[in-house]
Participant: 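Quick one: the structure is below, questions incoming.
Protein chains get the first letters and strands the later ones, always in sequence-line order, with residue 1 at the start of each. The basis for the numbers below is simple: all heavy atoms, side chains too, and nothing from hydrogens, waters or symmetry mates.
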2 protein chains.
Amino acid sequence: MSAVPSKVEEIVCTLRTEILSGQYRVGERLPSERDLASRFESNRGGIREVIKKLEQLGIIEVTPGGVRVRPVEEATLEVLGYLLELGEIQKPDLFAQVLDVLGAMFSLSVRSAIDRATDEDISEIATIIEGLIESITDDSVEKHHELWMTLTEKMIAVHQNLVLKLIGNGLRTRFMAGINSPDFEPVIDQEAVRQVLNDLKNAVEEKNSELAGRAIIRHFDLMKSGLVDFSEQSADTESQRRTGHA
Amino acid sequence: MSAVPSKVEEIVCTLRTEILSGQYRVGERLPSERDLASRFESNRGGIREVIKKLEQLGIIEVTPGGVRVRPVEEATLEVLGYLLELGEIQKPDLFAQVLDVLGAMFSLSVRSAIDRATDEDISEIATIIEGLIESITDDSVEKHHELWMTLTEKMIAVHQNLVLKLIGNGLRTRFMAGINSPDFEPVIDQEAVRQVLNDLKNAVEEKNSELAGRAIIRHFDLMKSGLVDFSEQSADTESQRRTGHA
DNA sequence: AGACCAAAGTGGTCTGACCGATTTGGTCTG
DNA sequence: CAGACCAAATCGGTCAGACCACTTTGGTCT
């Protein structure tokens with residue numbers, strides 16, 4: 001991706017945000033190509049390129065007669081990242097839903113990897129998990145996330161499930177970008193996480209895919225419970241902001 | 001979607017198939033916009049619209065200097081359906097991978113639904129599962145699939161997990177189209193399927209989400225084992241075709 | 001209220017132009 | 001013969017304008 005977004009990309013971003021934030025109702029027509037060209041001081045050809053990208057995302061439907069907005073539930077997985085980026089106006093509980101799905105995905109991933117792993121693979125995976133445990137001790141969030149990415153890539157290299165990879169493309173990168181933001185600090189019981197990771201490591205070394213899968217689920221459940229606490233905190237903070245208190 | 005595909009859509013389909021079937025190597029440049037316009041007897045503006053759609057799919061990267069092919073592993077989930085449609089040239093074991101992921105998704109879906117369902121929801125879900133069991137007795141594949149769609153929609157209506165919905169958009173519709181094709185006849189132990197569905201129904205009625213989740217996994221494992229048998233059969237058939245035998 | 005119809009407006013497709021960035025191929029040098 | 005250099009060719013990005021078939025809109029009539 002080029003460093004400087006093209007004019008078409010900038011317009012894509014603006015319209016996508018407008019659509020996903022609900023500025024247009026489902027079924028409503030977007031302004032015409034000529035109107036959009038005028039608004040963005042662009043040309044009809046460029047606007048048509050923009051519309052093709054939004055159509056491919058699944059959030060609009062193009063027909064002679066006009067371009068209409070489709071329900072976000074019928075879009076592609078790619079819109080998820082953009083929804084998450086909308087921050088405060090995101091759908092209720094979207095993060096929790098992402099965590100549920102991530103947990104199921106990782107659980108399947110670790111089970112598939114263990115079922116196909118060589119002893120060398122097992123050793124490598126266990127080493128990465130040890131690093132995760134250490135990063136809790138070192139209180140290094142950045143390293144923790146880095147190692148989750150490494151673990152993800154290692155497991156995919158072992159089981160080579162393309163479907164998991166493709167779902168991960170639309171899920172993990174945007175989501176990890178979200179949880180890496182400085183505003184996101186869920187309250188998580190670090191000791192419980194350490195215990196779960198230890199259980200995961202043991203299950204991996206014993207080549208027990210069922211136990212490993214369960215440990216992953218427990219891990220994501222912990223993140224979810226921390227998210228609930230975090231949402232309540234941020235809801236409080238938001239309420240304070242509205243009443244003008246620090 | 002209009003009944004008659006536009007010229008742009010036809011070109012999108014042709015180039016997407018060429019790219020996904022490996023006609024271009026990763027990193028290789030596509031023919032230029034002007035060359036493609038000439039090949040398809042079209043115009044550069046239309047070709048640029050085509051390229052924007054392929055870019056949004058994640059299978060090409062557009063920069064000044066040329067359009068290059070990206071690895072399919074880095075694409076969006078949407079390409080999965082097109083890969084499945086490629087039939088014989090599909091990636092080895094792709095169907096099995098889809099089934100693994102579908103199983104995990106459905107398992108999470110049924111667990112999430114049970115955890116949030118009212119008694120009325122539970123009753124409706126159980127009724128749908130009873131219909132699934134009956135469709136095995138009636139040997140009605142079409143009704144069976146129809147009811148799976150109904151069950152899917154009902155569970156989504158209950159748990160309202162947007163992420164599952166979006167993944168399902170890119171996974172289920174194309175996949176179901178695939179398994180509805182007359183060429184696809186996996187050998188499945190119908191009695192075992194009936195038993196699993198019965199267990200699922202009981203788990204639903206008892207509001208036991210763990211058991212229900214396991215029943216779903218067992219169901220998809222059965223489909224997977226049937227797929228393996230089917231792949232071996234179709235591999236044999238393919239071998240016979242190549243040697244010129246009926 | 002419903003039918004009808006002309007006008008206006010929509011997207012689909014096309015031609016041609018210009019510009020900045022990248023690639024290509026030839027030439028020269030060590 | 002490899003590497004550097006550079007001009008030409010080619011690439012994608014953006015633009016203006018035209019024409020056509022289809023859809024929407026608004027006025028008129030019954």
Participant: Measure from the side-chain heavy atoms of B:Pro64 and tell me the nearest of C:dT23, C:dA21, C:dG12.
Facilitator: C:dA21

Participant: Please give me every residue in residues 28-40 of chain A whose heavy atoms get under 4.0 Å of an atom in DNA chain C, ordered by residue number.
Facilitator: A:Ser32, A:Glu33, A:Arg34

Participant: Taking all atoms of both residues into account, what is the closest heavy-atom pair of A:Thr76 and B:Leu166, and its distance?
Facilitator: O-CD2, 3.9 Å

Participant: Quick one: are A:Glu18 and A:Leu15 in side-chain contact, heavy atoms under 4.5 Å?
Facilitator: yes

Participant: In whole angstrom, give the distance that lies between atom CZ of B:Arg44 and atom P of C:dC18.
Facilitator: 14 Å

Participant: Want to settle it: does A:Glu41 or A:Arg68 sit nearer the 5' end of DNA chain D, counting the closest nucleotide to each?
Facilitator: A:Glu41

Participant: Does D:dT30 have a Watson-Crick or wobble mate here (both distances under 3.5 Å), and if so which one?
Facilitator: C:dA1

Participant: Between which nucleotides of DNA chain D, read 5' to 3', does contact with chain A run, using atoms under 4.0 Å from its heavy atoms?
Facilitator: D:dT14 to D:dT25

Participant: At less than 4.0 Å, is any side-chain N or O atom of A:Thr63 found next to OP1 or OP2 of C:dG11? Yes or no.
Facilitator: no

Participant: Heavy-atom contacts under 4.0 Å between residues 45-54 of chain A and DNA chain C, which residues?
Facilitator: A:Arg48

Participant: Judged by atom type as modelled, is there a donor-acceptor pair below 3.5 Å linking the side chain of B:Ser38 to the main-chain atoms of B:Arg34?
Facilitator: no

Participant: With a 3.5 Å limit on both atom pairs, tell me what C:dG30 is paired to, counting Watson-Crick and G-U wobble, or say none.
Facilitator: D:dC1

